[in-house]
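Report on one structure; see the data block that follows.
The chains referred to below are lettered A, B, ... by the order of the sequence lines, with proteins before strands, and numbering in each begins at 1.
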Amino acid sequence: MKSFLSREQIEQAIRTLPQAGWVRLRKVAAAYCRGRPSDAQDLLQRAFTKALDASRQCPTDVDVVRFLAETMHSIASDDAKRRRRHPELQAVSLFGEDGGLALDPPDCRPSALQVLADEQEASRQKQAIIGLFADDPVAQVMVEGSMEGMEGEELREVTGLTKIAFASKRRLIRRRVEKAFPDGWTP
Amino acid sequence: MTSPADKDEDALARLSQALAEDILAASDESILAEVKDDGGDPAAIAAAARALFEQAAVASNKALLADAKAAVAADRRSSAGVVQLDAAAARRRLARLLEQNPDTAQKLTMAARKGKPGDFSDDEVFGLLEDFEDLGISLPEEPERER
């Protein structure tokens, strides 16, 4: 049977993280931060909250930093899904300008212009990241492959790199993206 | 149907995951060295992250306390329900409470425009007991609860 850390255990495990553990969590938060609606700090704090209130439980055999990283991934993924379902929620008055009940309240759905702006933003961000590697075709292939969902060995085979060279290139990619977007994808 | 924007969003999300995996795979030394290379202070970043955790812990503890209070209140209501099973015992308890708390008794019974437990209906007896409980007044010993 799978066992999980208790509230006291998870609190203790997080509180006693080494300095590198805290820094790693902050970096992971920035990697998963997609701008709206939360920035990296907010994302990290929400992950802590979920761990503490046990809405997500850490298995005893999972490293607590990995657990919190996966929790941030889950939160970011849920946020993205929510944005798609409700691109822009706007407060809409049910009362007309004369104070009476409006029988035909304004449409709160995103306008065609808003939808177009969202599409353009995601596309622009994607192209900006790919463009960071215009001088490095192998890295560009790896970035595009990652975006397509290729991972690990499959991606390495496509590039023809050795394991060490592949890991090194992957690190180079991350560092270049981190420097270009220190707080996530927000421009 | 997946829109072009959704495809781009998904692509960015997959890249995010790949980057996060690389962060998790890196050694402690290289993670700290990267921060210094970028002109950052690992100690300050760690302290800020720790502060976020402490804020979350305080908020979580407050929520736990509120849950505990709610559970105690629910338990009290449940206990009051047990007393209500025995109307005669409730009248005895009310008589003792009225006797031991004359000032409060006067206010409550004036509101009810009656004086003695025998003057009250069962519902009024239970209502007055609840009023006493709400005021935090109880008997030193409550033998009826044990029945």
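Contact tally against chain B (heavy-atom pairs below 4.5 Å) for A/H73, A/Q19, A/K179, A/K126: the top residue is A/Q19. The choice from A/E144, A/M72, A/R7, A/R175 that makes the most heavy-atom pairs within less than 4.5 Å of chain B is A/R175. Heavy-atom pairs under 4.5 Å with chain B were tallied for A/D63, A/V28, A/V143; the largest tally goes to A/V28. Annotation: maximal heavy-atom pairing with chain A below 4.5 Å, among B/A59, B/A46, B/A57, occurs at B/A46. The candidate from A/T49, A/L44, A/I14 with the greatest count of non-hydrogen atom pairs under 4.5 Å with chain B is A/I14.
Proximity to chain B (any heavy atom under 4.5 Å) is restricted, for A/L17, to the backbone atoms N, CA, C and O. Only the backbone of A/E148 comes within less than 4.5 Å of a heavy atom in chain B; its side chain stays farther off. For B/L32, the part sitting under 4.5 Å from any heavy atom of chain A is the side chain, from C-beta outward, and nothing else. Residue A/L52 touches chain B through both its backbone and its side chain, counting heavy-atom pairs closer than 4.5 Å. In this structure, the portion of B/E54 lying under 4.5 Å from any heavy atom of chain A is its side chain and not its backbone. For A/R15, the parts lying near chain B are the backbone and the side chain together; criterion is any non-hydrogen pair under 4.5 Å.
For B/L65, the CG atom counts as densely surrounded, since its 6.0 Å shell holds more than 12 non-hydrogen atoms of other residues, nucleotides or ligands.
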